[in-house]
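Have a look at the structure below before the remarks.
Everything quoted here is computed from the prediction, not taken from an experiment. In what follows, every heavy atom counts, from backbone to side chain, and hydrogens, waters and symmetry copies are set aside.
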Number of protein chains: 2
Amino acid sequence: MSRTIERKDDRRSRRSRKMLADAFVELVGERGLDGFSITDLTELANVNRGTFYGHFSSKEDLLEYCESEFLNGISELEERIAQVPVTELGTEETDSFVHSVFVEIFTFVEEHEALLTALLGPKGDISFEHRIIDTVCTTLIDKILNEQYRVNRTPLVDYYVGYYSSAILGVVLMWLNNESRETPEEMATILVGIASLSLGDPIVL
Amino acid sequence: MSRTIERKDDRRSRRSRKMLADAFVELVGERGLDGFSITDLTELANVNRGTFYGHFSSKEDLLEYCESEFLNGISELEERIAQVPVTELGTEETDSFVHSVFVEIFTFVEEHEALLTALLGPKGDISFEHRIIDTVCTTLIDKILNEQYRVNRTPLVDYYVGYYSSAILGVVLMWLNNESRETPEEMATILVGIASLSLGDPIVL
DNA sequence: GTAACTGTTCAACAAAGTGTTGGTTAACAC
DNA sequence: GTGTTAACCAACACTTTGTTGAACAGTTAC
């Protein structure tokens with residue numbers, strides 16, 4: 001059943017939870033979300049199957065646990081993003097600030113590479129992608145958007161926010177799935193370049 | 001096992017396949033990809049469980065079948081998209097042409113609403129999203145992009161294409177998940193408006 | 001140190017789903 | 001109308017699931 005599990009706080013408990021979460025990310029990355037059984041998971045984690053049920057009610061519960069852990073870590077990033085002076089973009093000064101924020105974002109993503117490639121990979125969890133988009137959208141709306149748009153919400157404004165959130169996440173995902181990987185600095189430069197264009201502009205560095 | 005199934009072409013066969021595909025879309029939409037068993041599926045489809053295995057080797061095989069059916073239908077759209085004069089965007093004439101192509105895209109999406117909301121919804125198939133992005137990217141690269149970028153591929157060009165593909169698909173998904181739904185015409189107007197902006201430009205209709 | 005907790009382990013269980021089979025019935029194509 | 005073939009049905013061994021109770025062992029508090 002999907003009852004809520006109270007997470008124990010004992011060195012043994014933390015150890016078991018970590019073993020399970022690590023094995024989970026590994027298996028999702030290799031076989032996808034429903035490409036393995038709980039039995040497979042506990043064997044890889046070197047944890048008794050009964051122990052799994054002591055911590056999590058189901059695979060979905062463990063998934064939720066992993067995703068929440070990640071999303072909680074985003075809040076620091078959000079504060080930095082909130083400082084971007086969107087209305088004054090285009091000057092050399094603001095662009096270099098945006099660049100530094102993008103570097104932070106890509107660095108953060110790189111640090112969570114295993115989890116992200118697994119959960120956002122070809123057999124990952126589509127709702128995790130939605131949650132990330134929602135988080136980014138909310139951040140953009142609450143912290144960056146001009147007062148006038150925030151108060152006077154129209155479909156256009158919402159789609160505008162969704163448009164850029166999806167675009168940026170899309171680039172991040174392309175980057176993650178690319179084995180010959182650019183550095184966070186290179187990606188920030190690329191992204192600043194692309195975002196300053198509008199559709200149809202010539203592509204130049 | 002995942003051996004290939006030769007699809008029979010008999011009135012009875014086509015009927016069974018359709019019943020199974022329809023029930024599949026319905027169940028994926030309601031409970032997500034692994035929220036139901038094959039037994040559930042065949043009961044809803046009013047088809048014997050053995051019949052399922054006569055047509056499909058697994059749930060994933062049926063999923064692949066549904067996705068392919070949809071992706072094959074995109075080719076007409078691709079030809080229209082290929083006619084967009086990207087290098088000359090910005091004029092009133094070209095913008096109205098782009099508008100009409102967007103209307104076609106949103107209309108096409110609306111016609112496949114059930115399948116798309118199910119497979120791209122919160123418990124859908126993330127790899128389907130990737131396949132659509134890939135298809136759109138390939139179309140953009142092969143047909144729209146200037147000769148100079150097509151030949152002289154750089155990471156920037158690839159990310160550029162991915163950026164816009166993700167952005168547009170993101171807007172389409174927002175639209176699908178929005179119950180108070182704009183018309184395809186309204187969406188085309190919105191999208192043309194957004195795409196002509198660059199990040200930081202004031203939002204105006 | 002030692003005693004009281006409490007998480008882990010192990011074996012066992014019924015229940016459900018899976019993938020396959022062989023025999024029967026009925027719809028289809030020609 | 002007749003041969004073909006898909007759908008149906010019951011049964012099968014097998015795997016996974018979620019739960020249980022008792023024994024064991026790491027942790028915490030005194």
Side-chain angles (χ1 to χ4, degrees), chain A residues 1-66 69 118 123 125, chain B residues 1-66 69 118 123 125:
Chain A
M1 303 302 125
S2 66
R3 65 191 156 85
T4 307
I5 298 263
E6 69 293 353
R7 321 261 181 231
K8 320 284 182 182
D9 190 31
D10 183 310
R11 186 184 299 171
R12 293 165 295 176
S13 299
R14 288 193 300 271
R15 178 181 173 280
S16 296
R17 242 189 339 266
K18 176 161 175 40
M19 304 283 274
L20 287 167
D22 288 350
F24 179 73
V25 168
E26 185 175 336
L27 282 177
V28 173
E30 285 174 3
R31 309 191 208 166
L33 262 177
D34 49 349
F36 60 94
S37 63
I38 291 177
T39 305
D40 295 331
L41 175 72
T42 53
E43 276 174 10
L44 178 63
N46 278 312
V47 157
N48 190 273
R49 198 162 59 89
T51 302
F52 171 88
Y53 287 104
H55 287 278
F56 306 102
S57 62
S58 64
K59 247 201 284 188
E60 287 65 40
D61 188 30
L62 174 50
L63 173 67
E64 165 61 27
Y65 171 79
C66 291
E69 289 277 288
K123 299 216 160 183
D125 174 27
Chain B
M1 300 305 125
S2 66
R3 64 191 156 84
T4 308
I5 298 262
E6 69 294 354
R7 321 260 180 232
K8 320 284 183 181
D9 190 31
D10 182 310
R11 187 184 301 170
R12 293 167 294 176
S13 299
R14 288 194 298 272
R15 179 181 172 280
S16 295
R17 252 198 319 276
K18 175 159 174 43
M19 303 283 274
L20 286 168
D22 288 349
F24 180 74
V25 168
E26 185 175 337
L27 281 177
V28 174
E30 285 175 2
R31 309 192 207 165
L33 263 177
D34 47 350
F36 60 93
S37 64
I38 291 178
T39 304
D40 295 332
L41 175 71
T42 54
E43 276 175 11
L44 178 63
N46 279 311
V47 157
N48 190 272
R49 196 161 61 88
T51 303
F52 171 87
Y53 288 104
H55 287 279
F56 306 102
S57 61
S58 63
K59 247 199 286 187
E60 287 66 39
D61 189 31
L62 174 51
L63 173 66
E64 164 61 27
Y65 171 79
C66 292
E69 290 277 287
K123 298 215 160 183
D125 175 27

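- Contacts between residues 14-23 of chain B and DNA chain C, counted as heavy-atom distances below 4.0 Å, involve no residue at all.
- Rounded to whole angstrom, the span from the CG atom of N46(B) across to the P atom of dC9(D) amounts to 10 Å.
- Side-chain contact check for T51(B) versus T42(B): every heavy-atom pair is 4.5 Å or farther apart.
- Atoms CG (N48(A)) and C1' (dT17(D)) sit 14 Å apart, rounded to a whole Å.
- Side-chain atoms of S37(A) and D40(A) form a donor-acceptor pair, as typed in the model, at a separation below 3.5 Å.
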Practice item. Mark up nucleotides 20-25 of chain D, 5' to 3', with B wherever a protein heavy atom is under 4.0 angstrom from a base atom, S wherever such an atom reaches only the sugar-phosphate, and - elsewhere. Key: -----B
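- Residues satisfying the side chain to side chain donor-acceptor pair (under 3.5 Å) test with R49(A), not counting sequence neighbours, are none.
- Here dT27(D) is the nucleotide among dT27(D), dA6(D), dT19(D) with the atom lying nearest to any side-chain atom of D10(A).
- Considering every non-hydrogen atom in both F52(B) and V47(B), the closest pair reads N-CG1, 4.4 Å.
- Side-chain contact check for V28(A) versus L63(A): every heavy-atom pair is 4.5 Å or farther apart.
- Protein atom CG of L44(B) is 15 Å distant from nucleotide atom P of dG17(C), rounded to whole Å.
- Using a 4.0 Å heavy-atom criterion, one finds that T51(B) contacts the sugar-phosphate atoms exclusively.
- In terms of the side chain to side chain donor-acceptor pair (under 3.5 Å) criterion, N46(B) has no residue partners (sequence neighbours excluded).
- One atom, CZ of F52(B), and another, P of dA6(D), lie 17 Å apart when rounded to the nearest Å.
- Across A118(A) and V25(A), no two heavy atoms sit closer than the pair CB-O, 3.5 Å.
- Listed nucleotides dC8(D), dA6(D), dT18(C) differ in distance to R49(B); the shortest reach to its side chain belongs to dT18(C).
- When the C1' atom of dC5(C) is taken as reference, atom CG of D9(A) falls 15 Å away, rounded to whole Å.
- Counting heavy atoms of neighbouring residues, nucleotides and ligands inside a 6.0 Å radius, atom CZ of R15(A) does not exceed 12 of them.
- Residues L33(B) and K123(B) are not in side-chain contact: their nearest non-hydrogen atoms beyond the backbone lie 4.5 Å or more apart.
- The stretch residues 25-43 of chain A touches DNA chain D through S37(A), I38(A), T39(A), each having a heavy atom within less than 4.0 Å of the strand.
- For the OP1/OP2 pair of dG7(C) and a distance below 4.0 Å, the side-chain nitrogens and oxygens of H55(A) include no atom meeting the criterion.
- The side chain to side chain donor-acceptor pair (under 3.5 Å) check on N48(B) picks up nothing, with sequence neighbours excluded.
- Looking only at side-chain heavy atoms (C-beta outward), Y65(B) and R17(B) come within less than 4.5 Å of each other.
- Of the candidates dT27(D), dA6(D), dT9(C), dA6(D) carries the atom nearest the S13(B) side chain, counting heavy atoms from C-beta on.
- A salt bridge between D34(B) and K59(A) is absent, with no side-chain N of the basic residue lying under 4.0 Å from a carboxylate O of the acidic one.
- Between the CZ atom of F56(B) and the C1' atom of dG19(C) there is a distance of 16 Å, given to the nearest Å.
- Atom C1' of nucleotide dT19(D) and atom OH of Y53(A) are separated by 9 Å, given to the nearest angstrom.
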